[in-house]
Every structure is written in C-alpha cells, then in structure tokens.
**Q** 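Would you mind keeping the following structure in view while I ask a few things?
Keep in mind that what you see is a predicted model, and the values were worked out from it rather than measured.
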Amino acid sequence: MIRFEGVTRRYGDRAVVDRVTLDVPDGSICVLLGESGSGKSTLMRMVNRLVEPSAGRVLVNGRDVTATDPETLRRGIGYVIQSVGLFPHWRVAENVATVPRLLGWEAARIATRVDELLALVGLEPGRFRDRFPHELSGGQAQRVGLARALAADPPLLLMDEPFSALDPGTRRGLQAELRTIHAETGKTILFVTHDVEEALALADTVAVLEEGRLAARGRPAELLERGTGAPVRRLFGEESLAFHRLATLPASTIARPEDAAGDLPILPAEASLKQALMLMLSEGSDRLAVPPTGEFPGGTLYWADLVRPA
Amino acid sequence: MMALLAQVAAFLAALWAAPHLGALWHALFPALARPTWDSQSWFTLLGEHLLLSLGAALIAAAIGLGAGIFATRGAGRALRPLLDAVFALAQAIPPVAVIALALPLLGFGAAPTLLALVLYAALPVMRSAVAGLDAVPPAVLDAARGTGMGRAGILARVELPLALPVIQAGLRVAVVLSIATTAVGAVAGASCLGTPIVVGLANGNTAWVLQGALFTAWLALIADRALRLGLRHGARG
Ligand SMILES: Nc1ncnc2c1ncn2[C@@H]1O[C@H](COP(=O)(O)OP(=O)(O)OP(=O)(O)O)[C@@H](O)[C@H]1O
Ligand SMILES: [Mg+2]
C-alpha cells in the first residue's frame with residue numbers, strides 16, 4: 001500500500017507536485033491521469049526515491065520511504081520507465097535478470113525465472129532470450145521492460161506510460177495482459193498515463209492531476225458521474241464524456257430480466273455499456289441478448305435503456 | 001592491414017640490416033671514422049622505446065580515465081571546464097620543454113621522459129572518456145538507478161561498457177602520440193630510438209643522427225598508420 005501525505009515537489013519556486021494526498025490500497029491499480037507536464041512522473045518517482053519530496057512524505061506499507069536506503073527500496077519495487085531504457089549492451093535475458101542478479105540469486109534460478117517471465121509477457125523465450133535490445137520492435141522492448149520490472153516478483157509496481165509508444169492494437173493487447181497479470185498476482189500497481197481510455201480500461205481508481213494538484217479521484221464510474229468537475233470534463237473532453245461514462249458501467253446492471261427473443265446479437269454480461277453500444281452499432285440492432293453468468297440470471301439490453309444512463 | 005604488416009616487416013628488416021651496412025654508411029659519410037651505429041642493438045633501443053611509450057600511455061590512460069569519470073558526475077561536473085583547460089595546457093607545453101623543466105627535479109633518465117609523455121597523451125583519453133560517458137542515454141541511467149544499482153555498479157556495468165568504443169579511440173590516439181614522441185626522451189638520457197640522434201649530435205657524428213632520425217620517423221609513421229586503421233575499424237565495429 002502506498003500513501004502520499006501532503007507531498008510537494010518544487011523546482012526553483014515552482015511546485016510541479018503540489019500537496020498531493022493519496023492512498024493506493026493493497027492489490028489495486030491506481031492510474032495517475034493528467035496532461036503532459038502535470039507532474040505524474042514526478043509524483044510516481046517519489047515512491048522509489050528517484051525524486052525526493054520538498055515537503056510531505058511517502059509511505060510504503062506504512063513505512064516512510066526515506067527510512068530505507070534507496071538501492072534496497074528500489075530492488076523491492078518494480079519500475080517500468082517511460083522511455084523503456086533497456087540496457088543496450090545486454091541481451092534480453094540479462095536485462096530481465098537485472099534485479100535478481102543484484103539480489104544475488106543463483107544462476108539456475110535466474111534462468112528459470114527469465115523464461116517464465118518472457119512467457120508471461122508473451123515473448124517466446126527460445127526466440128527472444130538471446131536478442132539484444134536493438135533487435136526488438138518497440139512493443140517487444142516494452143514487454144521486456146515489463147518483464148524486467150516483474151523479475152524479482154515485487155509486490156509493488158510503478159509503471160510510467162509503459163505502453164505509450166505502441167499502436168492501439170498492441171496497446172490493448174498489453175493492457176489486457178497487464179490485467180491478467182494483475183488478477184493472477186494481486187500486485188499493487190501505480191500506473192501513469194495521459195490516455196483516458198487506457199485509464200478507464202485499467203483503473204480500480206483514477207487520480208487526476210492538474211498542474212501538480214490532485215484535481216479528482218475515485219473509481220472510474222464515480223469520476224465520470226454527471227456534474228463532475230471542470231478538470232475531469234476537460235481531460236475527457238466535454239463532447240465525449242457521456243461516451244466514456246458508458247465504458248465505466250457494466251451492461252448487466254441495466255439489462256431487463258426478459259428472455260432474449262429470436263436470435264439477437266450476444267453480449268457477455270461483464271461487457272461495458274460502451275461495448276454494448278458498439279455491438280448495437282456494428283450489428284444494426286437495438287436489442288442485445290445477455291446470457292446468464294454467475295449471479296446474473298440473463299436478460300435483454302434495450303437501446304432506450306442504454307441512452308438513458310449516458 | 002596488409003600494407004601495414006608489410007611496412008612493419010620492412011622496418012624490422014631495416015633495423016636488423018643497419019649495423020651490417022658499414023659500406024653504405026662509409027660511402028655516404030666518408031669523413032667519419034665510425035659512421036655505423038653499433039654501441040647498442042637497434043632492437044634493444046626499439047624495445048626500450050616501446051616500453052617507455054606504452055608505460056607512459058598506460059599512466060596517461062589511468063589519469064585521463066579517472067579525470068573523465070570525475071568530470072562527469074557529482075561535484076566534478078562543475079570542475080569540468082577547469083579540468084579540460086588544465087589537460088589542454090599540459091598538452092600544449094612541448095614535451096622537450098617539460099623535460100628541460102623537470103630535469104632539475106627528477107634527474108636524468110626515464111622519469112622526466114615519462115612525465116612529458118603522460119602530460120602529452122592524457123588529454124585525448126580524458127576527452128574521449130568525457131564524451132563517451134556523456135553519450136550514455138539518460139533513459140538507460142534512469143533504468144539503472146530505478147532497478148536499484150549502486151553508483152559503482154552503474155559505472156562499472158553500464159556506463160563504462162557503453163562508453164568503451166569512444167574511450168578506445170582516445171586510448172589509441174594516446175598510444176600513438178606517445179610512441180611518436182618518445183624519442184625526445186633521449187635528451188634526458190632515456191634509452192630509446194632517439195638515443196643515436198642525441199649521441200650523434202654530441203659527437204658531431206651526422207651518420208648516427210641520420211640513422212636515429214630515420215628509424216624514429218619511420219616508427220612514428222607506422223604508429224600513425226596503425227591508428228588510422230584502428231580508428232576506421234573502431235568506427236565500423
Ligand atoms: N529535474 C527537473 N528539473 C526541473 N523541472 C522539472 C524536473 N523534472 C520535471 N520538471 C518539470 O516538472 C513538470 C512535471 O514533470 P513530469 O515529468 O512529472 O510531468 P508528466 O506529467 O510526467 O508529463 P509527461 O506526460 O509529459 O511525461 C514539468 O513541467 C517538468 O518540466
Ligand atoms: Mg511523465
């Protein structure tokens with residue numbers, strides 16, 4: 001668990017992070033969202049002491065980070081940096097093994113772990129293990145960066161725009177993989193992005209930064225409720241706010257408990273209303289069948305209901 | 001490469017042949033009683049010459065590299081212009097002047113020669129070390145810090161390996177400068193290819209001067225050629 005307590009960072013007399021107080025609960029994904037220059041990276045880098053606060057303090061698991069020496073602290077926190085930063089003179093395997101080597105793991109254990117991680121991030125170990133970073137595509141390099149951050153199985157991950165350089169398809173793929181990894185490992189993740197869709201796709205909670213100040217925070221659905229403040233409206237765009245709001249609401253909540261008549265297009269119960277809208281548009285249908293899953297008894301989703309919560 | 005090897009072979013053959021060419025030297029310098037240099041073997045002189053140059057280059061490398069590392073971190077960064085000026089000045093003083101100035105302090109022999117050569121050859125190493133270390137991408141350094149490497153670890157495992165190609169180029173320049181300049185050490189009594197020149201001058205024996213000058217210049221040319229070849233190779237690799 002990470003806690004920022006009244007954290008400020010000044011450069012000269014300008015506060016680029018300004019009295020931020022924020023909790024990231026254990027096992028959750030918190031997305032720091034904000035425009036370029038709003039202080040996201042600076043705030044994140046205070047967690048592993050790459051930046052020291054000018055005022056306030058940062059606690060990890062209840063302990064002030066300044067109580068631990070920086071090297072020890074950093075070896076226990078996975079960090080995916082904004083510009084990837086693979087070591088160009090080391091092979092993929094050595095890059096991934098950076099922290100385990102610093103921690104003095106045995107060679108055999110490191111080798112097993114490297115292969116395990118490469119497979120986890122979707123890179124075939126046999127093909128990629130011995131490559132140098134310049135032999136990777138941008139997306140492959142970002143995957144290696146993620147594997148390097150995960151190597152020593154840190155309970156806490158800092159990810160600074162890790163997918164920023166990727167095409168939308170690859171990006172969605174990696175977002176889905178990250179969610180899977182998160183579901184499997186239950187790590188606490190602080191994730192920086194300026195992409196609102198990415199934030200909604202990943203976040204348990206979103207923290208919106210504007211000029212160094214925490215302008216809003218909450219679960220995506222809370223954040224986008226009607227009457228949300230100016231910073232959020234600006235960031236998500238006035239005209240597309242309603243559309244983004246659909247992405248935060250699950251389809252199952254407004255499906256009518258009727259048996260689906262005829263052969264309607266099928267929408268999975270865990271899909272969002274945005275996905276429902278997309279399916280209606282692409283299928284040219286104003287109703288969708290939502291089959292039963294778990295608690296949900298099954299039902300039919302109507303266009304008229306869908307436009308109301310938006 | 002082949003041309004260089006051929007030249008080295010020719011040079012060695014000439015060193016071997018010189019003492020056996022008494023007839024030639026007599027013909028060229030009929031006025032001299034002993035125109036053939038035979039007080040020391042040319043190979044001994046060459047060996048001493050190389051030992052002196054490489055020793056000096058080694059010391060210059062250590063000093064230049066140390067200064068380069070110092071100038072690229074922490075407090076040293078502020079001193080970088082000063083360090084650069086000091087090293088540039090050290091190189092600007094002609095080695096023969098350094099020897100003359102150092103003689104009263106260090107006495108005759110190898111010591112003042114080493115000093116002159118080190119002052120002369122440290123600048124390229126220092127500059128290349130600074131350039132190479134400066135060129136390490138900030139993102140890589142950030143990643144190194146972020147993964148919890150210590151300062152020494154970052155220097156040894158990340159910065160120096162990445163700066164190595166540039167530093168190597170500086171080292172080659174230092175070695176060649178040193179080889180090409182060592183002959184002045186003969187003035188201070190250091191035994192090297194320059195010795196026959198100084199001894200010849202002292203005794204009015206122009207034949208010895210000519211032989212010493214010939215081999216000194218030839219070795220410098222070979223060193224220079226090797227450097228160019230090495231630099232081109234370094235740029236490619
Ligand atoms: N070392 C520094 N010295 C001076 N100013 C800095 C320094 N680091 C960051 N800043 C300034 O602080 C502000 C916030 O920077 P930061 O990198 O945290 O922004 P960001 O939200 O991560 O932006 P981006 O999305 O572009 O990465 C910027 O205006 C930046 O210029
Ligand atoms: Mg940033």
Side-chain angles (χ1 to χ4, degrees), chain A residues 41-42 44-52 65 68-90 94-104 132-134 141-142 144-152 154 156-162 164-165, chain B residues 61 64-66 68-78 125 127-172 230-237:
Chain A
S41 297
T42 309
M44 169 177 274
R45 288 157 66 84
M46 286 192 266
V47 177
N48 60 0
R49 298 187 66 188
L50 287 170
V51 174
E52 302 284 354
V65 290
T68 313
D69 86 276
E71 274 98 52
T72 314
L73 180 78
R74 290 172 193 150
R75 289 172 199 178
I77 300 178
Y79 179 44
V80 186
I81 77 168
Q82 191 162 356
S83 30
V84 192
L86 295 183
F87 302 114
H89 56 309
W90 290 352
E94 294 166 291
N95 266 283
V96 174
T98 308
V99 179
R101 261 160 60 184
L102 288 170
L103 294 174
F132 282 101
H134 72 264
Q142 294 208 311
V144 175
L146 178 59
R148 178 175 64 185
L150 290 168
L156 185 58
L157 268 185
L158 307 177
M159 308 184 70
D160 197 346
E161 308 203 21
S164 54
Chain B
L65 200 60
I69 291 172
F70 176 73
T72 49
R73 62 215 56 234
R77 234 182 284 262
V125 183
R127 288 219 171 128
S128 69
V130 168
L133 291 170
D134 269 352
V136 177
V140 171
L141 290 179
D142 206 41
R145 292 209 305 141
T147 49
M149 288 191 202
R151 277 166 211 247
I154 295 175
L155 179 65
R157 294 177 56 210
V158 178
E159 295 186 87
L160 286 177
L162 288 176
L164 194 62
V166 183
I167 296 178
Q168 273 173 340
L171 288 176
R172 284 194 206 101
L231 282 184
R232 249 186 303 144
H233 181 77
R236 229 187 299 126

**Q** Could you list the residues that satisfy side-chain contact (heavy atoms from CB on, under 4.5 Å) with B:Pro137, not counting sequence neighbours?
**A**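 side-chain contact (heavy atoms from CB on, under 4.5 Å) check on B:Pro137 returns B:Val140.
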**Q** So which part of A:Leu102 gets closer than 4.5 Å to some heavy atom of chain B, the side chain, the backbone, both or neither?
**A**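 Contact with chain B is through the side chain of A:Leu102 alone.
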**Q** Could you pull out the closest heavy-atom pair between A:Pro88 and B:Leu162, with the gap in Å?
**A**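 Reported closest heavy-atom pair: CG-CD2, 3.6 Å.
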**Q** Quick check on the interface: out of A:Val99, A:Val80, A:Leu50, who has the most heavy-atom pairs with chain B under 4.5 Å?
**A**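 Of A:Val99, A:Val80, A:Leu50, A:Leu50 has the most heavy-atom pairs under 4.5 Å with chain B.
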**Q** Let me know if A:Leu86 has heavy atoms under 4.5 Å from chain B in its side chain, its backbone, both or neither.
**A**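 Contact with chain B is through the backbone of A:Leu86 alone.
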**Q** So which N and O atoms of chain B and chain A form donor-acceptor pairs under 3.5 Å?
**A**
unit_1, atom_1, unit_2, atom_2, d
B:Asp142, OD1, A:Arg45, NH1, 3.2
B:Asp142, OD1, A:Arg45, NH2, 3.0
B:Asp142, OD2, A:Arg45, NH1, 2.7
B:Gly148, O, A:Arg75, NE, 2.8
B:Gly148, O, A:Arg75, NH2, 2.8
B:Arg157, O, A:His89, NE2, 2.7

